[in-house]
Amino acid sequence: VFRIFHLYLPLNFIISFLNKCTETYAKKYPTKIQKIVITINGQKKEQYISDELWCMFRGSVGNTPDLLQCILMALEAFFLDNARQLSTPEIEKKLLYILEKTNTCALTAIVCSIVLSNYKKYYSIAKELIIKEFIIMDFIRCFHEQQAKMSYSMVGFGINSKFSKERLDTCKQEFRK
């Protein structure tokens, strides 16, 4: 596991890669995606948003590439695992960095997930995320999460049992409800 102070290099790669993928997706499927204007640290910025992008880190909506799902799942897991060990200012700095640099709600959804996992600790970031579009997207994520729990629980659908167990375990996390 890389230390938090070495996080900017892989984080920049992930942000750039997902920004480019999202721009390509928006050009190819303009009716499936919209742009919204959000304010982060007093700065207005545009961000692409759709339910497929928002839910990609959970792998529960649409036909999104496995590689992107894995990258997003790993990034979320990294922050959830390290949030207990690192100071609140260290984590907040990285989460705000993601919000400032990304043009895709796929990464914003991860920040939202981390904030929801401990909203009292990350209250200053939570305030930035309270906008109608994000709330709607997270309701959609929650709905699809309940459907996914049923799918992951089924046997005989070619789903790897280790994968199924890991997905089911993450669905049981209190902050996902």
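Sequential numbering from 1 along the given sequence is applied to the chain's residues.
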Gap between atom CD1 of Ile98 and atom CG of Leu75 - 0.5 Å precision
5.0 Å
If only atom types and distance count, is the side chain of Lys101 paired as donor or acceptor with the main-chain N or O of Leu96 below 3.5 Å?
no
For the backbone of Leu53 and the side chain of Ser50, can you confirm whether one donor and one acceptor N or O come within less than 3.5 Å of each other?
yes
According to a 4.5 Å side-chain heavy-atom criterion applied to Ile, Leu, Val, Met, Phe, Trp and Tyr, with indirect links allowed, do Val111 and Tyr119 form part of one hydrophobic cluster?
no
Begin from the C-alpha positions of Ile125 and Leu99 and carry the test side-chain contact (heavy atoms from CB on, under 4.5 Å) through to its verdict.
CA-CA 10 Å; Ile125 297 175; Leu99 292 174; 4.1 Å; yes
Is the terminal nitrogen or CZ of Lys32 (NZ for Lys, CZ for Arg) located under 6.0 angstrom from the six-membered ring centre of Tyr29 and within 45° of that ring's axis?
yes
State whether the side chain of Thr24 and the backbone N or O of Lys20 hold a donor-acceptor pair below 3.5 Å, judged by distance alone.
yes
Exam field: side chain Asn19 to backbone Asn103, donor-acceptor pair closer than 3.5 Å
yes
Residue pair Val115 / Ala126: nearest heavy atoms and the distance that separates them
CG1-CB, 3.5 Å
Looking just at side-chain N and O atoms, do Glu52 and Tyr25 make a donor-acceptor pair shorter than 3.5 Å?
yes
Under a 3.5 Å distance rule, please check whether Asn41 uses its side chain to pair with a backbone N or O of Glu128 as donor and acceptor.
no
Kindly indicate, with the supporting measurements, whether the criterion side chain to side chain donor-acceptor pair (under 3.5 Å) is fulfilled by Gln47 and Thr102.
CA-CA 7 Å; Gln47 193 169 96; Thr102 191; 5.1 Å; no
Donor-acceptor pair, Lys121 side chain versus Thr88 backbone, under 3.5 Å?
no
When hydrophobic residues are tied together by side-chain contacts of less than 4.5 Å, even through go-betweens, does Ile110 share a cluster with Phe17?
yes
Interatomic distance, CD1@Ile114 vs CZ@Phe79, rounded to 0.5 Å, equals 7.0 Å
Kindly say whether the aromatic ring centers of Tyr8 and Tyr97 come within a distance under 6.0 Å.
yes
I'd like to know if the side chain of Glu90 reaches the main chain of Ser87, judged simply by a donor and an acceptor atom lying under 3.5 Å from each other, with no hydrogens or angles considered.
yes
Distance from Glu100 atom CD to Lys93 atom NZ, nearest 0.5 Å?
10.5 Å
With rounding to the nearest 0.5 angstrom, report the CE to CD distance, Met73 to Gln69.
5.0 Å
Is there a donor-acceptor contact under 3.5 Å from the side chain of Glu76 to the main chain of Phe57?
no
Consider only side-chain heavy atoms of I, L, V, M, F, W and Y, link residues closer than 4.5 Å, and tell whether Val37 and Ile131 are in one cluster.
no
Side-chain heavy atoms under 4.5 angstrom apart, residues restricted to Ile, Leu, Val, Met, Phe, Trp, Tyr: same cluster for Leu67 and Trp54?
yes
When rounded to the nearest 0.5 Å, the distance separating CZ of Phe13 from CD1 of Ile15 is 11.5 Å
From CD (Glu92) to OH (Tyr122), nearest 0.5 Å:
7.5 Å
Quick check on the hydrophobic clustering: are Ile36 and Leu107 connected, directly or via other members, by side-chain heavy-atom contacts under 4.5 Å?
yes
Quick check against the 3.5 Å criterion: does Thr22 have a side-chain atom that pairs as donor or acceptor with the backbone of Leu18?
yes
